[in-house]
Amino acid sequence: MRDSRETFVNHAFVTGFPIKHSRSPLIHGHWLKSFGLPGSYRAHQVSPEKFADFLIALRDGSSGFCGGNVTIPHKERAFALCDRPDELSQELGASNTVWIENRLIHATNTDGYGFTANLDERAAGWDRCDTAVILGAGGASRAVVQAVRNRGVKTIHVVNRTVARAQELADRFGPAVQAQSMDDLSDLLKGAGLFINTTSLGMDGTPVPEIDFTVMDPDAVVTDIVYVPLKTPLLAQAEGQGLRTVDGLGMLLHQAAPGFERWFGKKPVVDDALRQIIIDDMDGHA
Ligand code: ATR
């Protein structure tokens, strides 16, 4: 069967507003180069007012793109506007990866895959824990909650300053997910096997709460989805207390892989060379 992707060969985008700080072009550019592919992957800034027109133009090929990534603030609208959102997107209500197939816009969300692939690579066996504590209930938390639940972790405490937002996630993702207040964080950590920070706490110089990670399971893993800086204040605390930690850069790298394979037909590798390209870029912009 002829695949409509043939018509729009090898041009993909990342769109957001703003988009100039996106590191996705570096990631896909590295993969295109390593495969020797002639295609392109470029940042394309689109304002919220123009997003619907941009997305719909993909359908008939007039934009010349076979698909792309969608980031903040367009993920919810990408989901709402696409023709064929997959199950992950439907439950999340947000999509970050789109592609054209038979003149229809298909969409998925690879953020959760990126999160779990990073932990699989750097802390294999992380999913054998019974209890996870996730700090934050914003947009970035959703895909993480979904992914951890889908890997079978039985109890997932979503701890948030605004408990009502955590409750929204509990309602969305079912009985494994429980909404909790910040006051209960210390108790909830006792015996837990996984701690994930999805907030921007500490990034803007605001004080970070002292957290006693030593009460967690001896094999526990502490991770952060923020990757600038690589060692976030919370990761530094956990490391200082002797916990296993995983930084968030791998999530960014791994979430890119399914889209690349979809648009360019090759399965890319997340390796140290790629990781170093992003670290060098971060150093250059420090
Ligand atoms: P994102 O899409 O990056 O997740 P967001 O939707 O604004 O951004 O969510 C930010 C998260 O960080 C929320 O969980 C937020 O808590 P609230 O829902 O109570 O706002 C959390 N957050 C941000 N600053 C915080 C702070 N100083 N203390 C505690 N939580 C904070």
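Positions are given from 1 along the sequence. One-based numbering, in listed order, for ligands and for the atoms of each.
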query = For atom 27 (N) of ligand 1, what's the nearest protein heavy atom and its distance?
reply = Arg161 NH1, 3.5 Å

Polar side-chain atom of Gln45 near backbone of Gly16 as donor-acceptor pair, under 3.5 Å = no

ask   = Are His44 and Phe54 close enough that their ring centers fall under 6.0 Å?
value = yes

inquiry  = As a check for students: among Leu169, Asn197, Thr162, identify the option with a heavy atom nearest to atom 19 (O) of ligand 1.
reply    = Thr162

Check: Gly139 N/O within less than 3.5 Å of ligand 1 N/O = yes

request  = Give a yes or no on whether Val159 and Val144 share a hydrophobic cluster (residues Ile, Leu, Val, Met, Phe, Trp, Tyr; joining criterion: side-chain heavy atoms under 4.5 Å apart).
outcome  = no

inquiry  = Regarding ligand 1, does Thr198 bring an N or O atom to under 3.5 Å of one of the ligand's N or O atoms?
reply    = no

query = Which heavy atom of the protein is the closest neighbour of atom 21 (C) of ligand 1, given with residue, atom name and distance?
reply = Thr199 CG2, 3.6 Å

message = Measuring centre to centre across the rings, with the benzene-like ring taken for any Trp, is His11 within less than 6.0 Å of Phe65?
response = no

message = Using 30° and 60° as the class boundaries, would you call the ring planes of Phe260 and Trp31 parallel, tilted or perpendicular?
response = perpendicular

Ring centers of Tyr41, Phe13 separated by less than 6.0 Å = no

task = Using heavy-atom distances, let me know which of Val208, Ile225, Ile72, Asn160 sits nearest atom 14 (O) of ligand 1.
result = Asn160

query = Of all the non-hydrogen atoms in the protein, which one sits nearest to atom 7 (O) of ligand 1, and at what distance?
reply = Arg165 NH1, 4.3 Å

task = Can you pull out the closest protein heavy atom to atom 3 (O) of ligand 1? Residue, atom name and distance to 0.1 Å, please.
result = Ala140 CB, 4.0 Å

